[in-house]
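For reference, the structure is listed below as structure tokens.
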There are 2 protein chains.
Amino acid sequence: MKQESRPSPQLDRDAWIQAAFDSLADHGVDGLRVEVLAKRCGVTKGSFYWHFRNRQDLLSAVLENWKDGRIRDILKQTRAEPGEELSCIRHVIEVYSASRNRKGMLIELAVRDWARRDATAAQIVRKVDSIRLDCAGRLFRACGIAPEEARSRSLLLYAYVFGISLMSVERNDPLMAGQRQTISDLIAGAKVS
Amino acid sequence: MKQESRPSPQLDRDAWIQAAFDSLADHGVDGLRVEVLAKRCGVTKGSFYWHFRNRQDLLSAVLENWKDGRIRDILKQTRAEPGEELSCIRHVIEVYSASRNRKGMLIELAVRDWARRDATAAQIVRKVDSIRLDCAGRLFRACGIAPEEARSRSLLLYAYVFGISLMSVERNDPLMAGQRQTISDLIAGAKVS
DNA sequence: GAATTACCATACGTATGCGTATGGTGCCCA
DNA sequence: TGGGCACCATACGCATACGTATGGTAATTC
């Protein structure tokens, strides 16, 4: 009988994948090395090659896992009650651009870096982006914004949240809080001044 | 007498740095290896270690070179005649978000990826960001925008242009042209609809 | 309780990459 | 014209990392 509640002392495939996400966030794809990962897991690579055919096998699994998680997350975060679409948009902006959820953003950036040099990763990023833009666009249209502009604002929204993570600004600065609010207003389409 | 017009058949320090930028754009910092670089230059690493103490020496030089180039570029691009500030802003947005200048953006992204794991790189990126925000803020204020909002719009501007480069959208799509225009309007503060 | 299975360690060969040491070659200049 | 210098090649030792082969162990199964 399988014990699912208590984490097994043995490593399974998913445990390796989760550890891979940690390494991905900290060191990027290039820093994701199986022997290093094994050391971090307290085992040797003999274990790794039991669960995975090779390094690429792990990378593919990481990508698929990331894709599924992102899609699930998007659908969850953009599900808004009628009339709550605007606050939903603001919430999405806030969740992504805040300094919390830092690890998730580091993974996001690592995957996008990955996608610049790997066709498979690029394809998955395109897919995730496509869904994100669709979901956000739906929210904007529900706010009464024309389809064309809704798509533009969606693009601006995600470009902003990813871009702001690339910039070395102090995101915990209380002075930044007001600026983030202003930017959120600009993207969401509210009045600023 | 030094020949400056004709490129020397010998490699000098700057030639190595330029080649390093190519490698940086294509493979990131982690892919910037001295033996690989030497092969690309048609020489062996014996040449490299003549011009540089070690790999870190090259990386530091690349960083400094990037910083100087960026600062020079910012000052040049944000120098606007009185009354031309708005078009100057739009021009900055267009230059960065367009698919041309692709190599420059790849280097930009590589350096920012680098900065996430290296304190020196992070410091230089902060410096460049600071100057960029100051220069853009000056343009916005010249357009009659309040200092607070000017800073927010500057932040949005650069976050957008870097973020859009992270997204795998078809930037050559003629459909995208209209959206980029709409976004440019939103950032610059023009009317959209 | 013997055999099978799941999981992991160890050892090996190969490749890549760093940094050093040393040797070679063409050019400049006294 | 011969020594010195700038520039580069070659060879070495070392470290890391991939993938494979094989051996070990604990738990499960029959």
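Order of the sequence lines sets the chain letters (A, B, ...), proteins ahead of strands, with each chain counted from 1. Side chains are part of it too, since the values below use all heavy atoms of this structure and drop only hydrogens, waters and symmetry mates.
Nucleotide D:dT16 holds its C1' atom 14 Å from the CZ atom of B:Arg55, rounded to whole Å. Computed from coordinates, the A:Tyr49 OH to C:dA6 C1' distance equals 19 Å when rounded to whole Å. In this structure, B:Phe48 places its CZ atom 16 Å from C1' of D:dA9, rounding to the nearest Å. Atom-to-atom, CG of A:Asn54 to P of D:dA17 comes out at 17 Å; the value is rounded to the nearest Å. Rounded to an integer number of Å, the gap from A:Lys39 NZ to D:dC18 P is 12 Å. To the nearest angstrom, P of D:dA17 lies 12 Å from CG of A:Asp30. Whole-Å rounding puts the A:Leu58 CG to D:dA17 P distance at 15 Å. When the P atom of C:dA21 is taken as reference, atom CZ of B:Arg53 falls 14 Å away, rounded to whole Å.
No side-chain N or O of A:Glu148 forms a donor-acceptor pair with one of A:Ser152 less than 3.5 Å apart.
In summary, B:Glu108 and B:Arg112 engage in a salt bridge, as defined by a charged side-chain N under 4.0 Å from a carboxylate O. Between B:Arg153 and B:Glu149 there is a salt bridge, with a side-chain nitrogen of the basic residue lying less than 4.0 Å from a carboxylate oxygen of the acidic one. Salt bridge A:Asp113/B:Arg116: absent, no basic N to carboxylate O contact under 4.0 Å.
Mapped onto DNA chain D by nearest heavy atom, A:Gly46 and A:Glu35 fall at different nucleotides, with A:Glu35 at the one closer to the 5' end.
No donor-acceptor contact under 3.5 Å links the side chain of B:Lys45 to the base of C:dG17.
OP1 or OP2 of D:dC7 lies within a sub-4.0 Å distance of a side-chain N or O belonging to B:Trp50. Taking 4.0 angstrom as the limit, A:Arg33 places none of its side-chain polar atoms (N or O) nearer than this to OP1 or OP2 of D:dA17. One finds a side-chain N or O of B:His51 lying less than 4.0 angstrom from the OP1 or OP2 phosphate oxygen of D:dC8.
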